[in-house]
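The next block holds one structure in the form of structure tokens; read it before the comments.
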Amino acid sequence: MKINPYQPDQSGMAYSVGTTLDRFIKLKQSDFPFASGELSQLLRDIALAAKIVNRETNRAGLANIGGAFGQTNIQGEEQQKLDVIANIRFIRALSKGGEVCAIVSEEEDSVIDLQNGSGKYVVAIDPLDGSSNIDVNISIGTIFSIYRRKTPVGSPIQLEDIMQPGSEQVAAGYVLYGSSTMLVYTTGFGVNGFTYEASLGEFFLSHPDIQAPKDGKIYSINEGSELEWSQEIKEYILSCKQQGYSARYIGSLVADFHRNLLKGGIYLYPATVKNPSGKLRLLYEANALALIAEQAGAQATDGNQRILDIQPESLHQRTPLIIGSSRMVQEASTKIKSSTLQKS
Ligand code: AHM
Ligand code: MG
């Protein structure tokens, strides 16, 4: 059941645009009658790391004046790439919080077992997505999924704690470092977006109960890969053009997804001859956005099945992704089902 964001909740407190993220999280804790507050704290930890990463991304341009990342700066300190910095920041925040027992990160080959006896949650994260845009001042993002571990708290982490389908997520979200910085998340009771006010150091509710338009006129795909697409994808994209849709592709998944979520549109990263399973990762890219999409009334599929139903088999598994306005995703899926790849 979705809660009207303008109504008082069970505690009798109302929240509306301008509510701080902290207060909102606290008020929404009543969505989970038996929760003891760890998930709320975990969301706060992520928000704190996001603020730090936001600060680092804002500085990146200045840092670059003194030399490319990877070189030493004027103080003789080694400048780290932003994606590495973001990885460190998020892992530090998640380890210190105490709610998490294991982390899967795009930047780490294997699972990070935090050896934390009391941690109930597993987090899958892409700390800074949109690598080709990081150094050129174009929107980038963080994507995160939160799962409750399956095995008993305190016991050693098992594969079944990590390899959960997206439908098991208890929360998911993203941070968009764009013209303004936003944190958008869901705990399965609708989707809410918060805008960061740097001078106050706070995220404020700016987009309550986001509802994706059922239809749209934007398609987002890397058209440079056209020769690598299946015939069905080619025909679908041709049909987008024939219907007069606009092409918009930033090359940062969070930014492309966020725009289409608010304005209506479809994002596709299909299987290609070069990447027969697509490029994007199931555990820390596709699943989180798929849950947010569905919670906002949009849809996400790999072309054959719902993203949230895919049983993961490996940590860094890739998946084709077609995500966005429900009517558009349905139309695309019908057209491209069982497509075959052949380089032209
Ligand atoms: P990354 O994890 O290396 O940043 O790759 C993921 C990114 C997505 O943000 C984006 O949608 C896609 O890769 C763009 O890929 P391409 O350059 O092939 O269009
Ligand atoms: Mg990524």
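First listed ligand is number 1; within each ligand, the first listed atom is number 1.
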Numbering the atoms of ligand 1 from 1, which are under 4.0 Å from a heavy atom of Glu285?
2 (O), 6 (C)
Note the single closest protein heavy atom to [atom], along with its residue, its atom name and the distance in Å.
atom	value
atom 11 (O) of ligand 1	Tyr267 OH, 2.7 Å
atom 9 (O) of ligand 1	Asp129 OD2, 2.5 Å
atom 15 (O) of ligand 1	Lys279 NZ, 2.9 Å
atom 14 (C) of ligand 1	Tyr249 OH, 3.2 Å
atom 1 (P) of ligand 1	Ser131 OG, 3.3 Å
atom 18 (O) of ligand 1	Tyr269 OH, 2.6 Å
atom 10 (C) of ligand 1	Gly251 O, 3.2 Å

Considering just N/O/S atoms, say which atom of [X] is closest to the Mg ion (ligand 2).
X	value
Glu106	OE1
Glu285	OE2
Asp126	OD2
Asp129	OD1

Ignoring hydrogens and geometry beyond distance, is a side-chain donor-acceptor pair present between [X] and [Y] at under 3.5 Å?
X	Y	value
Asn287	Gln169	no
Ser220	Arg259	yes
Asn54	Glu56	no
Tyr219	Ser246	no
Ser252	Asn133	yes
Glu160	Gln164	no
Arg327	Gln330	no

May I ask you to check whether Ser132 has an N/O atom sitting below 3.5 Å from an N/O atom of ligand 1?
no
Is the shortest N/O to N/O distance between Leu253 and ligand 1 below 3.5 Å?
yes
Is it true that Gly130 lies under 4.0 Å from ligand 1, counting heavy atoms only?
yes
Report yes or no: does a heavy atom of Asp256 sit under 4.0 Å from some atom of ligand 1?
no
For ligand 1, does [X] get within less than 4.0 Å through its side chain, its backbone, both, or neither, judged by non-hydrogen atoms?
X	value
Asp126	side chain
Asn222	side chain
Arg281	neither

Hey, are the side chains of Thr272 and Asn222 touching, using non-hydrogen atoms and a 4.5 Å cut-off?
no
His316 side chain vs Asp109 backbone, donor-acceptor pair below 3.5 Å:
yes
Judged by atom type as modelled, is there a donor-acceptor pair below 3.5 Å linking the side chain of Asp302 to the main-chain atoms of Leu321?
no
Could you tell me whether Phe203 and Tyr196 have their ring centroids closer than 6.0 angstrom?
yes
Would Val122 end up clustered with Leu39 when hydrophobic side chains under 4.5 Å apart are linked, directly or stepwise?
no
